[in-house]
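Taking it in order: structure first as structure tokens, then the write-up.
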Amino acid sequence: MKKILSIMSMALLMAGCTEDYKDWAQPFQNGPEEPVSVSISVSPGAAVDFATITDETVKLFSASVSNPEGAEATYTASITNEDGSKEIAIKTDENFFCSTAELESAVNALWGRRPVARTIPVKVLAYVKVNGVAIASTGTTTLTATPNAPVIEEAYYITGTVNGWDNTNTDYELSNGGADPYENSIFTVMIPGDKVSGDIEFKVTPKSGLGGDWSKCLTASDTEGVFATNNAGGNLKVAYVAGAKFYRIQFDLMNQTWSGAGLSFGDYFYEIGNESGWGTSHALAGPANDGKYKGYYYLNGEFKFKPNADNWDDDLEYVSGTTTSGTLTDAGGPNCPDPGEGFYEIFLDAGALNYTLTKIESVSMIGGFNEWASDLEMTYNAEEGCWEVTTDQVSGEYKFRANHDWAINWGGDVKGLTQDGANLSIDGGSHTFKLYLSYNGAHKLTIE
């Protein structure tokens with residue numbers, strides 16, 4: 001009986017302690033924190049006309065943090081191009097002001113210099129510090145900006161002594177190669193020397209002024225090499241040069257400068273570039289002395305053109321275009337861009353200041369041995385600088401051609417092959433043909 005009472009007493013004691021019991025092996029836990037949301041409000045700054053603004057800084061946008069109250073924020077901003085594929089960061093101060101010059105440079109780079117009002121997307125990123133932690137939030141607005149540039153029309157014409165001052169005449173059109181005039185503002189015209197018997201006096205008529213309106217003509221100014229607009233000055237003048245093949249007249253419509261000169265061209269112009277470590281001048285031939293030159297060379301990187309093999313005087317630089325064609329200037333500028341490694345026909349018009357590259361995808365032999373109907377392919381040997389093939393297929397008459405087409409073909413004397421030259425001939429047997437291409441009359445063939 002005592003044992004039974006003892007067990008019951010112990011059970012009652014345990015039951016009495018239940019409310020005060022804590023499992024100290026379990027850690028204390030705080031309830032979940034409320035999530036922090038951050039939002040910013042962004043609004044545009046004032047419209048900017050870069051032609052009239054004189055302040056060194058401009059307010060790009062305004063912004064504030066609406067939640068949580070009292071939070072501190074710092075901001076970064078960028079502007080984008082029209083389709084959002086490119087953007088440029090713009091540094092702003094604590095009051096959202098940025099450098100006017102920096103902003104103008106970015107607008108020009110992304111939107112061009114055409115002087116029309118642009119609505120430009122602005123991206124704003126805020127870093128908000130909450131409880132010692134930075135939380136990012138984004139907002140967008142727009143910038144209204146008008147680039148600073150003169151109005152440039154799509155075409156201009158020489159009106160002067162060479163066409164009897166006929167304001168309707170369009171024989172002598174200044175051209176920029178068809179590019180956007182706000183990307184390439186350099187316009188050039190070539191006047192044949194046989195059309196000139198004395199100093200050339202002229203004005204420049206924009207397309208909108210043809211037919212008698214002289215009010216928009218470009219004319220002389222008081223500063224040499226700078227033209228005046230709106231028919232404000234006298235006649236422009238290019239001095240007569242005895243024996244000149246052409247007179248090149250060039251206007252930079254963006255910078256409002258011009259130049260003109262009588263030109264006499266030599267037999268050769270030269271390409272030089274990365275393919276030789278800028279160490280070898282490759283001759284382009286122009287036997288007609290009309291400023292048009294052609295040659296065939298391997299290219300691998302940027303390059304330039306120059307009139308002299310042994311110096312850089314009067315070299316030509318790139319203005320605009322593609323990787324295989326473009327306009328040039330003799331006023332200094334960047335190299336012509338890399339067209340991609342390969343062998344090319346190079347055509348240069350040194351008078352009109354433009355060039356074109358045609359890639360030579362293949363050089364082959366064709367002749368009676370294959371009934372003039374297919375091509376025996378050659379391989380370019382970069383180390384020797386020649387196209388070569390070893391074959392026993394060739395016998396009788398044959399020629400060489402490029403890109404499986406007769407537009408570019410070579411024949412004639414093996415020591416001086418020419419475009420459209422006569423068929424060559426060889427007896428049958430195994431031979432190694434090595435074709436060294438450079439310029440018309442200097443292409444040569446070795447046969448082993």
Going by atom types alone, do [X] and [Y] pair a side-chain donor with an acceptor below 3.5 Å?
X: Asn440; Y: Thr418; value: no
X: Thr80; Y: Lys123; value: no
X: Asn255; Y: Thr257; value: no
X: Thr188; Y: Gln250; value: yes

Heavy atoms of other groups near [X] [atom1], more than 12 under 6.0 Å:
X: Asn311; atom1: CG; result: yes
X: Lys245; atom1: NZ; result: no
X: Asn95; atom1: CG; result: yes
X: Glu384; atom1: CD; result: yes

Could you give the distance from [atom1] ([X]) to [atom2] ([Y]), rounded to the nearest 0.5 Å?
X: Lys415; Y: Asp413; atom1: NZ; atom2: CG; result: 7.0 Å
X: Glu201; Y: Asn235; atom1: CD; atom2: CG; result: 5.0 Å
X: Tyr127; Y: Ser137; atom1: OH; atom2: OG; result: 11.0 Å
X: His431; Y: Thr391; atom1: NE2; atom2: OG1; result: 9.5 Å
X: Asn289; Y: Phe265; atom1: CG; atom2: CZ; result: 9.5 Å
X: Cys336; Y: Glu271; atom1: SG; atom2: CD; result: 9.0 Å

Checking [X] side chain against [Y] main chain: does a donor-acceptor pair fall under 3.5 Å?
X: Asp252; Y: Met254; answer: yes
X: Asp338; Y: Gly301; answer: yes
X: Tyr344; Y: Pro339; answer: yes
X: Asp180; Y: Tyr182; answer: yes
X: Asp166; Y: Asn163; answer: no
X: Asp199; Y: Tyr240; answer: yes
X: Thr100; Y: Asp55; answer: yes
X: Asn274; Y: Asn300; answer: yes
X: Glu183; Y: Ser320; answer: no
X: Tyr297; Y: Ile272; answer: no

Identify the heavy atoms of [X] and [Y] that sit nearest to each other, and give their distance.
X: Ile249; Y: Leu174; value: O-CD2, 3.6 Å
X: Glu361; Y: Asn403; value: N-OD1, 2.6 Å
X: Gly326; Y: Tyr318; value: CA-CE1, 4.2 Å

*Inspect the contact between Glu102 and Lys91 and indicate whether a charged nitrogen and a carboxylate oxygen are less than 4.0 angstrom apart.*
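Between Glu102 and Lys91 there is no salt bridge, as every charged N stays at least 4.0 Å from the carboxylate O atoms.
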| message | Determine whether Thr329 and Leu353 satisfy the following criterion, side chain to side chain contact (heavy atoms under 4.5 Å, CB included), listing intermediate values before the conclusion. | response | CA-CA 6 Å; Thr329 179; Leu353 293 174; 5.5 Å; no
Hey, can you tell me if Trp372 and Trp406 have their rings parallel, tilted or perpendicular (30° and 60° cut-offs)?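 If you compare the ring of Trp372 with that of Trp406, the planes turn out tilted.
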Q: Can you label the angle between the Tyr380 ring and the Phe343 ring as parallel, tilted or perpendicular, going by 30° and 60°?
A: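 Rings of Tyr380 and Phe343: tilted, as their planes differ by 30° to 60°.
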Lys444 to Tyr436, cation-pi by 6.0 Å centre distance and 45° axis angle: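 Cation-pi check for Lys444 and Tyr436: passes.
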Would you check if the distance from the ring center of [X] to the ring center of [Y] is below 6.0 Å?
X: Trp410; Y: Tyr296; answer: yes
X: Tyr439; Y: Tyr268; answer: yes
X: Tyr355; Y: Phe269; answer: no
X: Phe96; Y: Tyr75; answer: yes

- Message: With side chain to side chain contact (heavy atoms under 4.5 Å, CB included) as the criterion, how do Val238 and Trp258 come out once you've worked through the C-alpha distance, each side chain's angles and the decisive distance to 0.1 Å?
- Response: CA-CA 11 Å; Val238 176; Trp258 79 284; 3.9 Å; yes
*asked:* Asp330: which residues meet the salt bridge (Lys or Arg N to Asp or Glu O under 4.0 Å) condition with it, sequence neighbours left out?
replied: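 Result, salt bridge (Lys or Arg N to Asp or Glu O under 4.0 Å) vs Asp330: Arg248.
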Val319 and side-chain contact (heavy atoms from CB on, under 4.5 Å): which partner among Asn176, Thr327, Asn354?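 With Val319 as partner, Asn176, Thr327, Asn354 yield a single side-chain contact (heavy atoms from CB on, under 4.5 Å), made by Thr327.
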Checking side-chain contact (heavy atoms from CB on, under 4.5 Å) against Thr146, which of Val116, Asp49, Val48 comes through?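 Between Thr146 and the candidates, side-chain contact (heavy atoms from CB on, under 4.5 Å) is satisfied uniquely by Asp49.
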Can you list the steps and then say if Ser281 with Lys306 is a side-chain hydrogen bond (donor to acceptor under 3.5 Å, both in side chains)?
-> CA-CA 9 Å; Ser281 297; Lys306 57 179 187 171; 3.2 Å; yes
Decide side chain to side chain contact (heavy atoms under 4.5 Å, CB included) for Met365 and Gln393; before the verdict, give the C-alpha distance in whole Å, the side-chain angles of both, and the deciding distance to 0.1 Å.
CA-CA 10 Å; Met365 301 181 70; Gln393 297 182 40; over 6 Å; no
